[in-house]
Every structure is written in C-alpha cells, then in structure tokens.
Amino acid sequence: MSLIVEKLRIRGPEGVLVQGASFALAPGEPLVLLGETGSGKSLLAQAVMGTLPPGLRAEGRILLDGRDLLPLPPRERRALWGRRIAMLPQEPWAALDPTMRAEAQVAEVDRLVHRHGAAEARRRAAARLAHLGLQGAGRRYPFQLSGGMNQRVALAATEAAGAALLIADEPTKGLDAALRDTAGALLRAEAEAGRMLLVITHDVALARLLGGQAMVMLSGAVVEAGALPGLLEAPQHDYTRRLVAAEPSRWQDWPRRPPGRAIVEGNGLHKRLGGRELFGGLDMSIGEGEVVAVAGPSGCGKTTLGNLLLGLARPDRGQVRRGAWVAPLGLQKLYQDPVAAFTPHQTLGQGIAELRRRHGLAEDRAAGLLPRLRLQPALLGRRPSEVSGGELQRFGLLRALLLDPALLFADEATSRLDPLTQQEVMALLRECVEERGTALLLVTHETALAEKAAGRVLRLGT
Amino acid sequence: MTLSSRRLLGGAMLAAVAGFALLGPLHGADPLRQNLSATLLPPGAGHPLGTDHLGRDMLARLAAGARLSFGYALLAALAAAVPGTLLGLLAALRGGWPERLLLGLADAVQALPALLLVVLVTAFAPGEFLPLYIGVALALWVEFFRISRNTAAGVLARPQVEAARLLGLGTGHILRRHLWPEVAALTATLFAFAAGTAVTTVAALAFVGVGARPPVPEWGSMMTELLPYHAEAPLALLLPALLIFLTVLGLHLLAGRERA
Amino acid sequence: MPSAPLSRRPLLLAAAGLPVLPRPAAAQPAADLFRVVTSQEINGLDPARSGYVFTRMQVLETLVGADDGGLAVPQLARAWTLSEDRLTWRFALREGARFHDGTPVTAVAVAAALERARGQSGLLGTLPAERIAADDGAVLVRTSRPFAPLLAFLAHYSAGILAPAAFEGQAVREMIGSGPYKVSRLLPPQRLEAARWERWDGPAPAIGRVSYLAAGRGETRAAMAEGGQAELVAQLAPETVERLRRNPRVAVDVRAIPRTRLIKLNCASPLFRDVRARHALSLALDRQGMAAALLRSPASTATQLFPPAMAEWHVPALPPLRRDLPEARRLLAELGWQPGPEGILHREGRPFAFTLRTFSDRPELPGLATAMQAQLREAGIDMAVAVVNSGEIPAGHRDGTLEAALMARNFSLVPDPLGTMLQDYGPEGGDWGAMGWSSPALNGVLERLGAVADPAERAALRGRASAILHEELPVIPVSWFDLATAVSRRVAGLAVDPLELSFRIAGARWAG
Amino acid sequence: MGGLIRVLGGRAVQAVLVALLVGTACFLMVRLLPGDMAYRIAASRYGYDLVDGAAAEAVRQELGLDRPWPVQLGAWFGGLLRLDLGVSLASGEEVAEALGIQLGHTLLLSVTALLFSLLIGPPLGALAGLRSGGWWDGALLVLSAALRALPAFVVGIGLMLWLAVEWEWLPVAGVGGWREVILPALTLALGLAAASSRVARDAVAGVVASPFFGFARMKGLDDATAFRRHGVRNAAIPVVAYLGLQLVILIEGVVVVESLFAWPGIGHALVHAVLGRDIPMVQGTALVMGLLFVALNALTDLACWLLDPRRRAA
C-alpha cells in the first residue's frame, strides 16, 4: 500500500502552476503540505484525486500501489473514489446533505458502495459514529450539529468507504482552536489506524499536532521537506522560518498602555439570540488607546458584544454609552471576511474617492496612508475580488483610518488570513494603536493572539 | 455557450425583431389596406408574407405590430418594473409596518387573478391600449416587488452594508452602490419575462374578448383574429408567435443570468 | 373510414414541430348517443333564460310549435280555436301527455306555467293577455285586443311548459318537461344529457340518448364536427364551413334564415339625419366582398333588409343595395362634406367621424366591422370600432349616446316577423331597430297589417313596408344570415329547423 | 411544528386580506365601469336579442341597484360572514352553488394540469441541469421560450387538431368523463412545464455543483445513486416552492383554456360574470380563485415543510 508521486507538474493556460513535486506516502505516517493560499498545495491534492479544474493538466507519475493514475480514463479514476482514495471535504457542514440525517449519510456508504444489508449498514454506521463520540447524533440533521460534529460525521462517512488513502484539504478552515485540536487528533488516529494520510494546511499548529512528514510549498515549488516536528523546530528555508515565527504564540507581547478617556461603556448588558442567553448583566468599557480582546469558542456572543458597543445592535437590557467627545464616525470595524465588507461593484479607488467626497477629506490623505499600509497604488484600480485577502483587509483598515476612529473593532479580522498575512495585518493594527492612540477591540478565537496583543482579555462562554 | 456569446445571440434576435419593425415599412404596403378579393394568400410576389383574412399585407401588419407590441410590452414591463422595484427597495430599507403592509398587499394582489385586474381596468376604456397594458403592469409589479425586496433584504444583511453605514456613507450610497447592482441583475431577467408575459397576456385577453380595438395590428390580437383560419393559413397564425418567441428568447439571452 | 383528403392541417402541425403520424382507429362513440354541439350556454333552468336549450333538445314542449315556414303546428296543444271576437283562444291538450315525473299534463298545470312565464320579464311579459286559465280540460287565453301573433308567441321557448313539481315558489328547481327526452344529467353551463322518456305519448324516438354541449369557440365546434365527435354541430363559423363540406363524415346544411346583419344608425345625429348620408354610407359598403371573404357565402350579400327566405316580406323588385363609391362621394359632397386632412371628409371644420359599437357574441361581427371601417375610410368616413358588451347597444339607444351599431337582428324571434317590426320600426323606434327615425307612412302600414285579414292586401302592405325601409334606410342591411349546421352521416332523417326551435332529434334515426 | 403553524397562520391572514381586497376591489371597479349595469345584466339574463329598456328597468328594481353602494357592499360582506355569497344577478342561482360545481371542474383541471406539468417539466429540466451548458440545456431554453411565446389558445388548438382530430385519441372538447380533461390539462401543463423546467434546471445545476453532491460522489456513490439519494430531494425543494408562484400562471391559463375546450370551470365563469356585470358572481369567483391560490400555496408550504428538515426545525 503506497502512493508515490514523481515529478508532478501541473500546467495551466498561463503557465506552470506546480513545478515537479515528488513525494511518497506510506501507511501510518501522515504527510503535511504546508503553504500559503495559492502556493499550489491544493492543486497537488486535486491531481491525486483526479478533480483538477478544466484547463489544467498534470504531468509526471502518480503511482497508487504501483499503478499510474494519470493515464487512466476519468471513469476508472472515478471508480477509485471512496474505495481507494477518499477526500475529506473542506467545510464539512456544506459537504453533508442538508436534508438527510447524519446516520443515513454514513450508512449509505456501507449499503450502496459495499452492498451490505440495510440493517447491517445501520449497525455499522452507528458503531462508527459512536466510535467518533457521536452517540445519539445519528438521528439529527447536519444543521442541528455543530461544526466539529459535522466534521466527524464526514470523517465517519469517509472512513466507511474504506479507502487506504485519505486526503484532507484545509480540514481546520473556520474551526476555532479547540475544534482544531480535536480534528487534528482524529486525523492522526486515522493515520495510526494504518491509512495513508495527506493533509493540506496553512496551519502550523495542525502540522505540529499531526506529526509525520512535512513539505513546505511556495509559489508552486517545494522549498523544504522533512520530518515533523523537527522541520518546524529548526526551519532551514527563510519562508518556513517566517511561517513558524508567524504563529501568535511566538509573537512578542504588545506594549501595555494605560487607558485614557472612556470611549464606550456598557452597563448591565443582556442579550439573547436564537432563544439562548449570550450574556446577562455584562459590564464593559474601553478607554482611549486601550487594546481589549474578547475570546471564546464560536457562537459565544463575541461578535454580538462588539456590535452592541458599536451601536450596531441593541441590548435586550442594559445600556451602552459613548463618550461625548467621540466623533459620530469614531467607531469603526474590520470584518472577518473582508470580501463581504466591500461592495463588489466598484473599484477600491472609487470606494475611497466616494468616502473622501462624502466627508470632505483632503485628497492626499489616502495617498499618504497607502505606503504606510504597504499597499501599491495600482491596486486602487481593482475590484475587491481582484486583490488578496490580506490586501483587502489592509484596505479595510485604510478606509477606517481615513475617519480617525477612536476605536477599531477587529472582528476575527485575521482568522481567514494566512499566518504570515495575519502577522502583517496585526502589526499594522499595533502601529495604529501606538501612533494614533486608537483603541482596539479584538474579537478572536485564538487565545494566544488575544493574550499577546491585548492588555485585557475578556473570556466569554466559559 | 459562454455568457458573452449568449448575450450576443440574444442581442442579435432583438436586433432582428427591431430591424423588422423598422425595415418592414420599406416594403411600402399599408398595414390597414384591405383587399377582400385577395384574402389569406400564401407568401408570394407582392405580399412577401401573404395576406390575412381581410386581405391585408402580413409583412406590413407584423412590422407595424412589432412597433406596437414591442413598444407597449416594454412599456408595460417598465411600468411594472420601476414602481415594483422601487417599492421593493423601499420596503427592504424601511422595514417595519410599511414593509409588512406592502408584503400583505403584494400577497393579496398576487392572489387576485391578473386577468381579472386587466379585464376590470380595460373595461374603463375598451379597446384602448394604455389601460390594457396598465392592467398588465398592475399584475406584474408584484414579482418585481418581491424579487427586489428579497434581494435587497439579503444584501442589507451583509457586512458590506453595515460597513458602509459605519463609514457614514448614506442611504443613497447604499442604494446606489450596494442594492441596485444586485437588484438590477435580477430585475433585468425578470424584465425579459415580463415583456413576454405582457404580449401573451394581451393575446389571451383578445381571445376572451377584451382586446385591442380593430384594426390595430397588435401581435396578440392578430393571432386571435387569425385563429379561425388556422387550417387555411397556418403560417399567418404562427408568424406573430414566431416574433414573440424571438423577442422573449432574445430578451432572456440578453438579460443573461440563469433564472426562471 | 376513408382516408382524409390532403388537408393543410398537417402544415400547421408540422410548422408547430409536431409529428404527423397515421391516425389510429377512430374512437368509437358510445352507442346510441346523439351529440349536439352549439355555442349557447345553459344559463339556468328557467325557460325564460335557457328555454332554447331544453325546447331544442325536445325536453321541454310549448303549446304550439312552428313549421319551416313559421306556421303554427300542434305540440302540447293538439288543436285550438279562436272565438268570433278574435279575443279568446282555446287550446285542447294531448290527452296522453305526461311530465317527466309521471304526472299527467293538465290544463291547470299548463295555465299555471304560462301564467308564471308572463310574470317573468321577457317576451311573454309583452303579451296583451287578460286571462290564462284552465277550462274544462282545455287552456283558455283571452287577449285584451285581437292579437294575431299569439300562436307565434306561444311557440317561443320562454313559453315552455314545466310540471308543477318543477317550481319552488316562483323559481325553477328542476327541469321537468313533457317532451320525448328526459334530462338525465345536467352540468350547467356546458352540458346536458337526456334519455328517451319512456312514457312519451308520441312515436318512440329512434335515438335513445342525446347530449348537448355548449362550446363557445367556432374552432372548437368545427374540430368536433371534423373529428366525428358530434352528430350535430350548430352555428358553424363561416370559415369552417368550406372545410367541413369536404369532410366525408358530415353533411353540411347551410340555409338562409330570417335574420339580418345590419348597421343601426342614430338618425337623430347631424351625421345621419339626411337620408342621403345614410345612402352614401350604404353605397360605400362592399357587401359582396364581405360576404365572399368573411362570410364565405356570396348569396348572403344583402340587397335589401329582408332575405328571400322571408318570402312574405322580401320584395324582389326593389333595386338591390350596391357599392358605388363615386355616387357615395357625390351624395356626401351634396351634403357639404369636403375632403380634409388625410382624406377624411369635413364640414364646418368637423370631421365625418363616429364610433360603431358591436359585440363578439357573434364572432363574425368584429371582423365585419373592421372590414367596413376600411371601406368607409375610402369614402372619407372615419369610423372607429368599439367591441362592447351587447347590452351597450340598447343602453346607448336609450341614453342617446349610441352613434352606430353593427348587430344581427332576428325577425323570427317569434315566428311572425310582424311583432319584431312593430317593436323595431314603430313611432318610437326600437332598441334593436330604428333610432331617432320614424315614418308616419310606415306606422300606418304596420297598424293596418295588424287589423287586416285579406291575404292580398296583407301582401301589398308588407311590400309597402319593405319599400319604405329600403328607401329611408333607418338601418343599413349588410348581409343575410346563413345557418350552417353539420350533421353526421351516421344520422338519417334529420331536417334542420330554419327557425331554430328544435334540433328535431326525436324524428331522426341512425343511418345504415 | 411551530414553524408549520406560523407558516399556515400567515396563509390564513393572507386569505382574510384576499377576501377584503377582492370583495371591495371587484365591487368598486364593476360599479365604476362605464355603461348601464342593468342593461348588461338583462343582456346576460335574457340574451341580447331580448334586452330592452323595460327588461333593464325590471332588473334595476328587482336587484335594488338603486341602493347606495356602501349598503350593497356591506350587504355582501355581511353575507360572506354567513358564508352566503349572494345570488347571481344573471342566472338567479345561488353564487355559492354555481361556484361549487365550477370549482370542482376547475380543481380537477388544475390538479391534472399540475400533475402533467410535474411529469413533463422537472424531469426535462433536471436533464438539462445535469449537463448545464450542453446541447439539451440550450434546446430546452429554446423550447421553453417557444412555449412561453405561444398563447395558450394556439397551443390548445394545435393539440386539439393533433391529438383529437388527426389521431382521434381524445375528445376535442367537452366535459363529463375523464378523457375530456386530458387535452385542456395538457395545454395548461405545457405552459407550466415551460417555467418549472427552468426552475428545475437551475435547482439541479445548483445541487450538482454543491459540495455535498461532490462529497457524495467522493464517498464512492455512482452518479445515478448520488443523484437519487442527494440530488432529487434537494432540487425538489425550490421546484416545489416555485410551484406556489406558478399557480398564478395556472389560474390565468384556466380562463383561456376553459373557454377553448368548453370546460365549465371558474375561469370561464369569471369572464362571463365580468362581461355581464354580475357583481356577486365576479366577487364570488374572484374570491374563490384568490382563496384557491392561497390554499394551494399553503399546500406547497406544507410540501416544502415535509421535504426540508430545516423548515421543520425552524
């Protein structure tokens, strides 16, 4: 049982996207592909699976148990799915049929792929779910399960297929730290049970959890490879070094500053959402120049609290007071998904020009900020979907800074960014705090990040 | 087929209909001139598309009808689209009781048979075109209202709108830059269908006896008038249908986005 | 079944992209069922409303019927007498007649049914009857003045005789007639099924079951005849007649009936006050073209008001109405009309423009109106066409807003046309007759006709009346009426009733 | 369950709104129409040949058309509360009784048409959606545009000549047995299918492109199985939801089709009632059509509720 990839090269219409990657995979030892978005690591997985987008072509050899997969006709490659090669989906809550109960989605693999009887299939599915700690969840629908539970249902379904090779592409995307740890443990257990495991991620913490071998990719090329955790302890390549250093736990603590005048104050805040109490009787205030973090698992009401303070939502009880000195537009926000925070229908430059006209701002304001935020002026001619997430988030910051905010609410503002980009954006935020005295409200599920940056960490939902 | 080639094809179809409307008169025949001794002629010299039951030149009538049906159908669709979309945007932006009121009204109007609306409106001025199409618009606005309200409500819930509000960009900006581009795309597709619906509804009305006043060469009425002659002159009956077909398909392809 | 001649229908189908395949075996109709298809719906049970359905289907009987010439013949009444003073009519009933609930048809029941019918607004309400009563097994009708057309009135469907059990108060709750067929299923407004009434006292009908279907569209009716799905299709649209004639399955019967399509003019309006204007209008019409192209019956071109079928009123010697545009223009010029912008005539700065109201209950009328519109346009007259509800015509007559109307007038509404003449061309004009026009000469003639009995004098008077209307043109005749009926060749012995009083199914039999 | 009650409750409110709007609007509009109402009513009662001033006057007296309009309207709503729709001005029948018969016919026709359209539209649309951008996708677009462009009466005549006259498979028109319903239902169904095939096409294309469908295939299910297990139900949800809106087309089409095929339904009655100024009949017909629309929509709500577990939980 082996997978050997030799000089795999992927070409697209605009040139070579992946340059001759080679690796071998054996049961029991995971292989982690590390790299930033666009480094070609997902293409590699798609080439193995046989799901490359139209227009892309793979060259080289992909030997599964000695048989080269690349020359096979699509029909034969399809026949391998589930039985020989399985792929754990990204965002499992979208990968499960919303109208089918969890157990049925697992059992159908036993029944329809492996031709077991209905009762036998149900029994097997129940056992698999129980094994993954999902007793009693089988009768529920995906939307009734948490993200982590959905991921385990998907894993159970993949397991049921029984493929020897398991590919997981960004399995922790969108998961908070606790869930990420669970997912990592589950995957490692798969490898330990004797499967070949290929994991693609930009999450250094996940790589550390999984162990095994690792390859670091940058711009379509493998820049470094080696065993974990050694590779991360003593990185050779500059990129790997930066990647490791970008982990929040390795950051330096931000300087603590004494809070100035109060910007917003919330007293006795109560809020219920979806029939559940998020918090009852919460007091909170943020002062000038202060960095406050709100941490906690997803769904605990972190974002809601920030929105209450910014006046974007109303508390059920209690009140929010804003300092009289704060300008009407003195509270600004950075969003988790920067693309969703810009209208897709105008270029970034047009958006900024409109903002400038609306508030009568000097023309050179934005121009002056661009180099400070390390943004190329050429980007102004592009639409939000045409720049990278990191760049767009910096434009979000630029947009907010034009209005001289007293408080910036960064709502998971870096959670969707690559580690290096996250570090870069956070550094910029830090500069704002230090140079302008802007207060910062950080909402994050990353405890390490909260602890490094904030003078005060409010933990919700614990 | 790529999107742009679809649009091209759609544009070509509409251009063909429009060209027909504009070039038809060059043929020189009077769409109202009758010749009772040359009725229901097949296409031939003198009458490239034959004649109808009163011996009128089909080419001239179809071309004149193109100007009428095409023009009025677009007008009716416009008369439904503009207020419908505006009300939808207003409802989504304003929320609260005006939204509930408008939604209730839309529900109730939708439950009212559209044909009844049209019949009642047209009864005020039988045979006139304007009330006919006003009636059609009165029935059609609901769909525009719904689509625009639902789309706008969806967009308003997005972070981009919250961000715009925080940045102090007013309602005008939200309307122009956030809501309109999204709503417009859907409205355009709906518009294509509404225009087609307008023509066929008018034809249906003519069929039940509430149509345009003779001798107006309107496509729908032409089909109704020619229906009794389906066995003698099938082509004459199907030609207006063919033009409606080109118009609907053309608008559909041009409007682009896949939606029924 | 013989194969159909090559028709153009496959063209339509092929054009619509539908495959034209050989037809399968013909759908066999249910045995012994005679299917009638017409355009008129069943609007209720009351004879005043839908009596024509029930009398034509021979479910409902009237006291007297009429032959093809309009002369009264016995129906429920086996004989009748008129008193010396010509005021009291005495009707003896058929002894064996029974209503469909099994009760005998008595004079009391008949008198009660007629008495009730008089109370309904409708034709019978205008009867100058003093008393309707049962008298010693006979029905007695006494009129306030000598009233010759009484028999014709009693032949009208609204005078249909229902059993006492049919009524609930004044309302009709059930159709219990006395004819040879008894209702077995009624699906208003579309369908009626009836079966042989076993206790019918006349000769038992050869055909056991009958059905009636109201199909409003001419195309639908034609398709039913074509597909062999009806034994009798009445009121065929003109454009389908030619096609059906070629169909070997049916015999098409086209006959002129006492009905005329005509233009009613508001003779009080300045446009039409002068008789020369009315003649000009008449001269501008291409009646032959319309009859040939739209009505598909050149013989229906009206040359005078009354069709030849009304032999007593039709005057062959009258100069035929014709088209003569130069003469029309000359007459109009005489009246001071001068061509103005776009060729429309003007007088004192006002155009010769008016609106013609017509209705689509008779599907050919809007087409005719459209054709006339173009013809008048050639004479410089601007006529707009408004297709309206038929009620707008009498309403417009009453309130004076009507300018012109295209309509069809039935002169055998009651089998004697005199009643209609009195109603339409009397001193006040009539809702469906003259408007703003009256002729003392004609009034005298009509009055005399009601009183005189001598056949020769009556003939002369009728000729005089026709001539006056022809000269004065208070209404402009356009075309006479053809009643086109398709009868299946599976049926024998069926003669179409020109007065549309009955489909006469009871007298028919299956062929072969 | 609470979700269902809320949805159906919403429909109940809609029903009340419809009753108010329909009753008032019809009444006012018919009253405002030009022309004399008494004449129209008399014409539809006795046939146009027999209408004269006297008959109209009798009608006016009998029906109390001289009463002030608020009194007449109030009387109608009062009757509605007692489920009494009044008496047809034209035929003198109870409106409720007449509608009862006609509604049965229209329901039979509509439900049959709906079933036919479901048998035609969604499967064809699904085929196009499975291979979106393929030749059938394009052909279906053209086909559905063609069906939308042809008025129902042209489609109906075509079917009539083809299936009833040429092939003699079916009765041309009429009412009475089950065979009569097929042609008019098919005519309506083609129009409905033109629209529902597009919705089905989009829904299926969406499902096929969805991550859960991709995952189902990656689990090892073959395409047909994956579609049967995960495609059909998910694609059916928007199609069923759309049916509710489609019913408008259906109710519209009924008017034309009933008149062409001599089908004694409610659409036919509506046109007659409007032309004849039979106010109680217009109000009753429009009310029943409106409520029919609401009721059928409630049914589609229920179907969606059964199909989609997310709604059941809401």
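Chain letters run A, B, ... following the sequence lines, proteins first, then strands; residues in each count from 1.
The shortest distance between side-chain heavy atoms of A:Pro344 and B:Glu182 falls below 4.5 Å.
When the shell of 6.0 Å around CD of A:Glu435 is examined, it contains more than 12 heavy atoms from other residues, nucleotides or ligands.
The stretch residues 389-414 of chain A places A:Arg399, A:Ala400, A:Leu403 near chain B, each with some heavy atom under 4.5 Å from a heavy atom of that chain. Residues of residues 166-180 of chain B lying under 4.5 angstrom from chain A, judged on non-hydrogen atoms, are B:Leu166, B:Leu167, B:Gly168, B:Leu169, B:Gly170, B:His173, B:Arg176, B:Arg177, B:His178 in numerical order.
Looking at A:Leu334, there are no atoms closer than 4.5 Å to chain B (heavy atoms on both sides), in backbone or side chain. Heavy atoms closer than 4.5 Å to chain B are found in the side chain of A:Leu312, but not in its backbone.
Going from atom CZ of B:Arg158 over to atom OG1 of A:Thr343 covers 8.5 Å, rounded to the nearest 0.5 Å. Rounded to the nearest 0.5 Å, atoms CG (A:Leu329) and CZ (B:Arg165) are 13.5 Å apart.
There is no side-chain donor-acceptor pair under 3.5 Å between A:Tyr335 and B:Gln160.
The candidate from A:His345, A:Gln346, A:Lys333 with the greatest count of non-hydrogen atom pairs under 4.5 Å with chain B is A:His345.
In terms of heavy-atom proximity, A:Ala341 sits nearest to B:Ala163 at O-CB, 3.8 Å.
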